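Note sheet for the following structure.
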2 protein chains.
Amino acid sequence: MAITNATSPKRVATGNPAHELDAPPWLRVESTLMATADAIRAAYDERLAPLGLTLSLASLLSYIGEFGPINQTRAAEHLDQGRAVTGTQVDRLQALGLVERQPDPDDRRVWMLAITELGATLAASIVDVDQVLRAELRAGISRSERQALAGLLVRLQKNLHRSMSAPSSSPQQTSPQQTSPQQTSPQQTSQGATT
Amino acid sequence: MAITNATSPKRVATGNPAHELDAPPWLRVESTLMATADAIRAAYDERLAPLGLTLSLASLLSYIGEFGPINQTRAAEHLDQGRAVTGTQVDRLQALGLVERQPDPDDRRVWMLAITELGATLAASIVDVDQVLRAELRAGISRSERQALAGLLVRLQKNLHRSMSAPSSSPQQTSPQQTSPQQTSPQQTSQGATT
DNA sequence: CCATGATTGTATGGAATCATACAATCAGAG
DNA sequence: CTCTGATTGTATGATTCCATACAATCATGG
């Protein structure tokens, strides 16, 4: 577990420095956050296993199902992954008969990804799994609390984004995000996919 | 990560829609959480790179440095990793001259891991990096907010823990805990990341 | 029409981690 | 002491992902 993170109960034991309690050598909230994220991912993977999917695959499938046929690059961007991995995942979904690769009449380089009927059925199951798990997850946590949590997370991300180095030459500097509140951000509709 | 959520950080490069930073909080908290965790890890890896370390290695090194000589199994448990991976990481730290493997006079199977002087020096740098990054991360976020965040995360983990580890046949649990529903939950998977 | 640059999907190698299997060793029961 | 069962560290294979390189293809300027 975390080095000294709060979450980990048993410290004390090996009798050691006291600055331990409030000055965990390492991360604190940050490590708890990462640990929680890992746990969530694991939980999703566990629940989705019966469907023969992992969180990644389920996410991709759901995305394809929700937003009509799209090309791999866009799907990759949306899932925040590389195109290569996405291509591999599509291979698998295709092998399972869950999605189809349709040629794009306007661009011979691209494959338009479309969900199949079987895929749609499975996607529905995914939504179920997602709702159930999310409900369990949120037990005892009010909506306002969740919103506060999300707000904090977003602020954390902004701070992070600000201190990360620019990825490449890309002219766009850390995106001056003042992005006004109302964005068009497509996706995120209701969906239920996995979180 | 999440199926349809937005929030994904590290987009940047290929200049594309900025729907990321303004991450609508009313979205899936879960995915925002996972995205944030990924971003944090990436930020640490980036800052630690100049030291020739990754967050995992830095965490292990710091742990060894803080808690006297310990064996690999205990270190692995603490970092919530497998013994195998930990062994490999120790190999690397040892190759870099940051830690030593000392034989345990009482048990010929184990190696006691101890930090070297060089390792201690580096560990100090790690602490610096950590403090700087954490400060940036927390900019604009009050202590009470962080505490609230941590509290929520812990509750999330508890909920997760409650619904995880099902009836899987293999009874092998990590250590003797008799899974009493009670709290006490020993090392719940917490942690993950490192540190 | 042709040349240069960008984009799409894929192949490849590398990194990190897990789960499993294993030899060496320890701990206890008899 | 001896046998059986744990435990430690390591080896191995499988997964998943990234980053890079590449061929095919588009887009644009002359």
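We name chains A, B, ... by the order of the sequence lines, and we start the count at 1 in each one. We use all heavy atoms of the structure for the numbers below, so side chains are in, but hydrogens, waters and symmetry mates are not. Note that the structure is predicted; figures quoted are calculated from it, not measured.
Per the geometry, CH2 belonging to A/Trp111 stands 12 Å off C1' belonging to C/dT10, to the nearest Å. Atoms CG (B/Asp104) and P (D/dT8) sit 11 Å apart, rounded to a whole Å. Distance, B/Arg92 CZ to C/dT17 C1': 12 Å, rounded to whole Å. Atoms CG (B/Leu48) and C1' (C/dA15) sit 16 Å apart, rounded to a whole Å. Distance CD (A/Gln72) to P (C/dT7): 17 Å, rounded to an integer number of Å. One atom, CG of B/Asp38, and another, P of D/dC18, lie 9 Å apart when rounded to the nearest Å. One atom, CG of B/Leu55, and another, C1' of C/dA15, lie 15 Å apart when rounded to the nearest Å. A straight line from CG of A/Asp91 to P of C/dT10 spans 6 Å, rounded to a whole angstrom.
When the options B/Ile64, B/Ile126, B/Asp130, B/Leu79 are evaluated for a side chain to side chain contact (heavy atoms under 4.5 Å, CB included) with B/Ser59, the one that passes is B/Leu79. The side chain to side chain contact (heavy atoms under 4.5 Å, CB included) with A/Glu100 is formed by just one residue from the set A/Thr116, A/Val90, A/Leu93, A/Ile115; it is A/Thr116.
Checking the phosphate oxygens (OP1, OP2) of C/dT17, no side-chain nitrogen or oxygen of B/Thr88 falls inside 4.0 Å. Regarding contacts with the backbone of D/dT10, a side-chain N or O of B/Arg101 is found under 4.0 angstrom from either OP1 or OP2. A sub-4.0 Å separation between OP1 or OP2 of C/dT7 and a side-chain N or O of A/Thr73 is absent. Side-chain nitrogen and oxygen atoms of A/Gln89 include none within less than 4.0 Å of the OP1 or OP2 phosphate oxygen of D/dT16.
In the set D/dT8, D/dC18, C/dA11, the nucleotide with an atom closest to the side chain of B/Val110 is D/dT8. Between C/dC18, C/dA19, C/dT10, one nucleotide has an atom nearer to the side chain of B/Val85 than all others, and that is C/dC18.
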Using a cut-off of under 3.5 Å, enumerate the N/O to N/O pairs linking the protein to nucleotides 21-25 of chain D.
from   : atom 1 : to       : atom 2 : distance (Å)
D/dT25 : O2     : A/Arg109 : NH1    : 3.2

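The backbone N or O of B/Ser142 lies less than 3.5 Å from a partner atom in the side chain of B/Glu145, making a donor-acceptor pair.
Nearest heavy atom pair, residue B/Ala75 against residue B/Thr86, reads CB-CG2, 4.3 Å.
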- Query: Could you go step by step and tell me if B/Arg47 and B/Glu136 meet the salt bridge (charged side-chain N to carboxylate O under 4.0 Å, His left out) rule?
  - Reply: CA-CA 12 Å; B/Arg47 296 298 180 87; B/Glu136 290 178 26; 2.8 Å; yes

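Note that the OG1 atom of A/Thr32 and the CG atom of B/Leu152 stand 12.0 Å from one another [nearest 0.5 Å].
Heavy-atom distances to DNA chain D give each of B/Val90 and A/Thr54 a nearest nucleotide, and the one nearer the 5′ end belongs to B/Val90.
A salt bridge links A/Glu30 with B/Arg138: at least one charged nitrogen is closer than 4.0 Å to a carboxylate oxygen.
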